[in-house]
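Quick notes on the structure that follows.
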Amino acid sequence: MKVASSFLVLIYWVSSWFPVSADRWAVFTVAGCILGLIAALLAQKSLEEHRWPAKVFSVLAFLLLIGGTFFAFMTSAVGTPAVGFIVLFFTLGGVGYLLMIRTVFALGQTNRMSHGAGFAVLFLLATWSWASALGMYFHVGAANDTTAACILVPKPNNYDTELNSVWEMRLPEFATSRTGPTGTTILDYHAILVTSSRGQAELYNWSKKRMRFEILNLERNPYLPTECP
C-alpha cells in the first residue's frame, strides 16, 4: 500500500504541472522521477541499516530549497511575481520529491512525524495547482453570468489565444513575461476574462495569488479585447 501511495502522489503532482505540449524536458523529468523512486524502493532493503542515504537526500533537499528560493526571488525581482511563484512551485516540488526519497530510506530510523513531509508537500502543491485551474475554469470572482465569456492569454503579446480546458489553466501553464506599462496605458496581464453585462463589455484579470478574477477598468485598458475571438 505504501508503494502504491508513493506512486499515486507522484503522479498527482506530475499531473499538476506536466505541460500541454509534452515538452522533452518534462518527459525526461517524469521518467527520471519514476526511475528514481523505483531505484530507491529496490535499494531500500539492502540499505535499511545505513543512515547516510537518508541524510544525503535531506541535505540535497535543503540545498535545493535555499538555492531555488533565492532564484525565485531574483526571478520575481527582474521579471514578474507570477513567474517567481512558478519557479518556487517547481522548487518546492523538487524538495518534496527528495524528501519522499529520503522517507523511503529512513523508514524505521527517524521520527514518524517526518516521514510524510515529502508526500504532504507534493500533494499540497498539486492541489494548489488544480484548485487554481478549477477556479479559473468556473470563473471564480466574476460577478455576472459568464456563460458566453472567454479566457484569453497573451502569446506572446496579443490576447488572441483562448484557454478552453482545465488542463491549460493549471498554475504553471501561463504567465506573462513582464508586467507594467507596455505602451501608454496598457498593462500586461497573465490571463483576462472577457464577458458582458447588460450589453456592455466587462474585463477581469486573473490573480494567481488570490486565485480569482478581479474586475479591470476599461478606461485604463483601452487596448485589451472586448470581444471573444
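No hydrogens, no waters, no symmetry mates; every other heavy atom, side chains included, goes into these values.
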**Prompt:** Does a side-chain heavy-atom distance below 4.5 Å link Asp160 with Pro229?
**Reply:** no
**Fill in**
Scanning both residues in full, the closest heavy-atom pair of Tyr97 with Cys33 reads OH-O, 2.6 Å
**Request:** May I ask whether Ile11 and Met100 are part of the same hydrophobic cluster, defined by side-chain heavy atoms of I, L, V, M, F, W, Y residues being less than 4.5 angstrom apart, directly or through others?
**Result:** no
**Prompt:** Angle class for the Trp25/Trp17 ring planes (parallel below 30°, perpendicular above 60°, tilted otherwise)?
**Reply:** parallel
**Prompt:** Any idea which heavy atoms bring Ser15 and Trp167 closest together, and the distance?
**Reply:** O-CZ3, 3.5 Å
**Message:** For a 4.5 angstrom cut-off between non-hydrogen side-chain atoms, does Leu171 reach Phe89?
**Reply:** yes
**Fill in**
Looking only at heavy atoms, the pair that brings Val87 and Gly68 closest together is CG1-O, 4.2 Å
**Message:** Less than 4.5 Å apart, side chain to side chain, heavy atoms only: is that true for Met136 and Leu163?
**Reply:** yes
**Request:** Specify the closest pair of heavy atoms between Thr69 and Thr91, including all atoms of both residues, with the distance to one decimal.
**Result:** N-CG2, 4.1 Å
**Request:** Report yes if some heavy atom in the side chain of Thr127 is under 4.5 Å from a heavy atom in the side chain of Tyr12; otherwise report no.
**Result:** yes
**Message:** Looking at Phe7, I'd like to know if its CZ atom is crowded, meaning that more than 12 non-hydrogen atoms belonging to other residues, nucleotides or ligands lie closer than 6.0 Å.
**Reply:** yes
**Request:** Would you please test Trp206 and Glu214 for side chain to side chain contact (heavy atoms under 4.5 Å, CB included) and show each step?
**Result:** CA-CA 6 Å; Trp206 177 255; Glu214 299 178 338; over 6 Å; no
**Prompt:** What distance do Glu202 atom CD and Thr226 atom OG1 have between them, rounded to the nearest 0.5 Å?
**Reply:** 12.0 Å
**Request:** Side-chain contact test, heavy atoms from C-beta onward, threshold under 4.5 Å: evaluate it for Tyr159 versus Val194 and give yes or no.
**Result:** no
**Asked** Which atom pair, heavy atoms only, marks the closest approach of Asn205 to Ala191?
**Response** OD1-O, 3.5 Å
**Atom pair CD1/CG of Ile192 and Leu224 - distance to nearest 0.5 Å** = 5.0 Å
**Message:** Quick one about Ser16 and Trp128 (side-chain donor to acceptor, distance below 3.5 Å, no hydrogens or angles considered), yes or no?
**Reply:** no
**Message:** When you measure from the centre of the six-membered ring of Phe174, is the NZ or CZ of Lys208 closer than 6.0 Å and no more than 45° off the axis?
**Reply:** yes
**Close side-chain approach of Ser132 and Arg170, heavy atoms under 4.5 Å** = no
**Request:** Tell me whether Val14 is reachable from Val95 by hopping between hydrophobic residues (I, L, V, M, F, W, Y) whose side-chain heavy atoms are closer than 4.5 Å.
**Result:** yes
**Asked** Is there a path of hydrophobic side-chain contacts, each under 4.5 Å between heavy atoms of I, L, V, M, F, W or Y residues, that connects Val59 with Val56?
**Response** no
**Prompt:** Has Tyr137 got more than 12 heavy atoms of other residues, nucleotides or ligands less than 6.0 Å from its OH?
**Reply:** no
**Message:** Within the 4.5 Å heavy-atom criterion, are Leu99 and Phe119 side-chain neighbours or not?
**Reply:** no
**Request:** Before giving the answer on side chain to side chain contact (heavy atoms under 4.5 Å, CB included), spell out for Phe18 and Val27 the whole-Å C-alpha distance, their side-chain angles and the decisive distance to 0.1 Å.
**Result:** CA-CA 8 Å; Phe18 194 83; Val27 174; 4.0 Å; yes
**Prompt:** Which pair of non-hydrogen atoms, one from Leu92 and one from Val121, has the smallest distance, and what is that distance?
**Reply:** O-CG1, 3.4 Å
**Message:** Grouping I, L, V, M, F, W and Y whenever their side-chain heavy atoms are under 4.5 Å apart, do Val104 and Leu42 come out in a common cluster?
**Reply:** yes
**Message:** Atom CZ of residue position Phe90 - does it have more than 12 heavy atoms of other residues, nucleotides or ligands inside 6.0 Å?
**Reply:** yes
**Request:** Answer yes if Leu218 and Leu152 sit in the same cluster of Ile, Leu, Val, Met, Phe, Trp and Tyr residues linked by side chain heavy atoms under 4.5 Å apart, and no otherwise.
**Result:** yes
